[in-house]
Structures are given as structure tokens and as C-alpha cells.
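Each chain gets a letter, A, B and so on, in the order the sequences are listed, and its residues count up from 1.
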Amino acid sequence: MTLREVRDLLGAEVLSGDELLDTEVHAAFGSDLMSDVLAFVQDQGLLLTGLNSPQVIRTAEMMDMKCVVFIRGKAPASSILELAQDRGLVVMSTPLRMYQACGVLYSAGLSG
Amino acid sequence: MSGDDKIHLSYQVEGGDLTRAGEASSSVKQTLRKLGLDPAVIRRVSVCMYEGEINMVIHANGGLAMVDVGLDDIVITLTDFGPGIPDIDKAMQAGYTTAADSVRDLGFGAGMGLPNMKKYSDDMKIKSIVGMGTTVTMVINIP
Ligand SMILES: Nc1ncnc2c1ncn2[C@@H]1O[C@H](COP(=O)(O)OP(=O)(O)OP(=O)(O)O)[C@@H](O)[C@H]1O
Ligand SMILES: [Mg+2]
């Protein structure tokens, strides 16, 4: 699934990395706990989170993820977006809650 | 490769401010990418170093991070002058944490870091003296 499809499925707004929406992801991970992301992510390219902090971008970078989706309409600070831009990470914000956002993507074929 | 040919990276890691934690790990990751190392090796180094860097920031008020890149392995040495770890076996248990709620609000403090560092490294040693500080050494082999 491309990040463009992710954006459309989630009704999300792209906050950084508009030019990278053709990037493919095959699996996703949803968590507010970065400890869990570090311990359990393997090749999931997409991170859904309700945690609004620069550590989300750092953690995604460490795990070679391609895109971070902030749920519940969270608006990350410009410093967070700059960091993402610098690291070539796509950032989106969706109005959906965690369970809904994961459900929509899972039903559309994106595995966990 | 003799010791002198190794690439040596070192960073001062500031304590307290979790929002900046990870800058050293990020820099190491970019350097290893430029060197053209296997992405799987880079991932393992990234996880080990980042978990260790976060630990120094949240538990030990910062410290010194050193990374030696050789032909056969990468050695990460994290040294701090924090409170030390009284019971290392206990600290190594998954789920054991002394992190404050403020740390948990920032997405850390699940007691998973040390076990994860052990899992992703080929060798890990912790030396700690209460009241003096802690040194964590991790070796990641390059296949
Ligand atoms: N450098 C350190 N100095 C002092 N204590 C430490 C240090 N590193 C770890 N500890 C102690 O060991 C415990 C377990 O560490 P570990 O990294 O496994 O979990 P955590 O940091 O509490 O949570 P997480 O890593 O999931 O965010 C910590 O809560 C802390 O008490
Ligand atoms: Mg930790």
C-alpha cells in the first residue's frame, strides 16, 4: 500500500513529506509507548501513535520506518516536523482514534 | 584491521531533557549508513544505542557515548556518573522500571530497554557502582 492510499483511507492531512507519498509500506504498528515500538517493530514501515513528542520521530528513524501518523487530530510542533523532514519521514495527522485508524488500514489489507 | 584503523565516534549526551535524547544515536546511524554497512547491522546498533542513550538521559543525567566501528564488529560504550544500578539482574528483567510517571508520559519507562539491548547485541556487559555511575558495553558483530 502506498502512503498516498494510507492518507486517503485515514482522511489524513500530510504535514511533512508530500513528495514521498509514493513510498510503499507493507505493515503497520500502533502504540503510544516507544518502548514497545523499539522492542517489537520489525519491518513495519508505518507508525500510528497518540504520543506527540520528538521521540516519536527519533524512534521511527531508529526502526527505519517511513511514516508516522498522529491520531485524534494531534498537531505536532514545528520542531517535530522539521526533524521528520530532515530524516525523510512522512508525517500525517488523522482525526480518527487509534482503534478506528488501525481497523481501517487493517481491513484495507495492511498487516500488523 | 588494527585498532588504529577503527573509526571512533564520541558524543556528550545531555541529561534531563528527553526531547533532545537520541541525537547521538541518530548521528551514529547516519555515519554507519554513509559507510555502507548492512542495514540489519545498522538497525541493531540503532536500537542498542538509542535505548542506552535514553537510559543515560532519564536515569543518569546524561553521560558519554562512544562507538568504535571495526571491520568485524561495532562496540558501543556508554558511560555515566549517575546513581548506578543496585541490582543489575533485577534491572535486566523485562518490565522492571524505576522510571517516573513523567517519563512514562513521554512514551518510555516500560522496563524494556535493557532486555532489548541484550537481545539486539551479541554481547553486553554492565558495570555499575552505586553512587558512582554505570558503564554499559555492547558488541554487535558484523557478519
Ligand atoms: N544508566 C543507568 N543508570 C542508572 N539506572 C539505570 C540505568 N539504566 C537502567 N537503569 C535502571 O534499570 C531499570 C531498567 O532499565 P530499562 O532500560 O530496562 O527500563 P526503563 O528505562 O525503566 O524503561 P524503558 O527502557 O522501557 O523505557 C531502570 O528503570 C533503572 O532503574
Ligand atoms: Mg530504558
Side-chain angles (χ1 to χ4, degrees), chain A residues 16-17 23-72 74-89 91 98, chain B residues 13-14 17-33 37-55 57-59 76 93-97 99 101-121 140:
Chain A
S16 170
T23 308
E24 289 267 351
V25 287
H26 306 286
F29 193 87
S31 181
D32 292 352
L33 198 54
M34 295 305 108
S35 300
D36 273 359
V37 177
L38 289 163
F40 299 119
V41 162
Q42 283 171 351
D43 56 4
Q44 292 90 335
L46 185 79
L47 175 63
L48 297 108
T49 187
L51 182 71
N52 188 349
S53 128
Q55 292 314 321
V56 171
I57 305 298
R58 291 272 183 231
T59 304
E61 178 195 358
M62 290 304 140
M63 304 313 284
D64 307 302
M65 301 178 97
K66 313 280 185 223
C67 174
V68 173
V69 178
F70 290 96
I71 55 161
R72 296 195 303 280
K74 288 188 192 253
S78 59
S79 57
I80 298 181
L81 294 177
E82 276 163 31
L83 191 59
Q85 188 107 43
D86 194 54
R87 296 300 184 269
L89 270 166
V91 177
M98 181 66 97
Chain B
V13 176
E14 300 299 326
D17 183 6
L18 188 55
T19 58
R20 286 192 53 203
E23 286 178 4
S25 302
S26 178
S27 168
V28 167
K29 179 153 197 156
Q30 288 173 67
T31 303
L32 297 183
R33 274 200 183 135
L37 266 93
D38 177 2
V41 171
I42 300 179
R43 164 75 72 84
R44 294 174 64 204
V45 171
S46 299
V47 172
C48 291
M49 168 120 187
Y50 185 60
E51 292 275 20
E53 186 180 353
I54 298 273
N55 276 356
V57 174
I58 63 182
H59 303 300
I76 305 168
Q93 284 171 16
Y96 176 82
T97 182
D101 286 346
S102 57
V103 168
R104 227 151 301 140
D105 290 344
L106 292 166
F108 292 93
M112 313 256 282
L114 291 175
N116 211 23
M117 288 151 75
K118 174 130 187 107
K119 177 176 145 197
Y120 279 101
S121 59
I140 288 100

| Given the options B:Gly111, B:Gly113, B:Gly22, B:Ser26, which has more heavy-atom pairs under 4.5 Å with chain A than any of the others? | B:Ser26
| Choice from A:Pro54, A:Ser79, A:Ser53 maximising heavy atom contacts with chain B below 4.5 Å | A:Pro54
| Side chain, backbone, both or neither: which part of A:Thr59 has a non-hydrogen atom closer than 4.5 Å to chain B? | both
| Nearest-0.5 Å distance that lies between atom CZ in A:Arg87 and atom NZ in B:Lys29 | 10.5 Å
| query | Could you state the interatomic distance from CD (A:Gln42) to CZ (B:Arg43), rounded to the nearest 0.5 Å? | reply | 8.5 Å
| A:Leu51 side, atom CG; B:Asp105 side, atom CG - distance, nearest 0.5 Å | 9.0 Å
| Student check: side-chain heavy atoms of A:Met63 and B:Tyr50 closer than 4.5 Å | no
| Does atom CD of A:Glu24 have more than 12 heavy-atom neighbours from other groups under 6.0 Å away? | yes
| query | What pair of heavy atoms forms the shortest contact from B:Asn116 to A:Leu38, and how long is it? | reply | ND2-O, 2.9 Å
| request: Would you mind checking which part of B:Phe108 comes under 4.5 Å of any heavy atom in chain A, side chain (CB onward), backbone (N, CA, C, O), both or neither? | output: both
| query | Given side chains that start at C-beta, do those of B:Leu18 and A:Gln55 come closer than 4.5 Å, heavy atoms only? | reply | yes
| said: Counting only non-hydrogen atoms closer than 4.5 Å, does A:Leu33 touch chain B with its backbone (N, CA, C, O), its side chain (CB onward), both, or neither? | reply: both
| remark: Honestly, the part of B:Ile54 sitting under 4.5 Å from a heavy atom of chain A is side chain
| query | Is there a side-chain contact between B:Glu51 and A:Met62 (heavy atoms, below 4.5 Å)? | reply | no
| Are A:Asp64 and B:Arg33 within salt-bridge range, i.e. N to O under 4.0 Å? | yes
| note | Applying a strict 4.5 Å limit to non-hydrogen atoms, the region of A:Asp36 in contact with chain B is both
| request: Just give me the residue among B:Gly109, B:Gly107, B:Pro115, B:Ala94 that pairs up with chain A most often, heavy atom to heavy atom, under 4.5 Å. | output: B:Gly107
| Separation of B:Ser46 OG from A:Glu61 CD (nearest 0.5 Å) | 8.0 Å
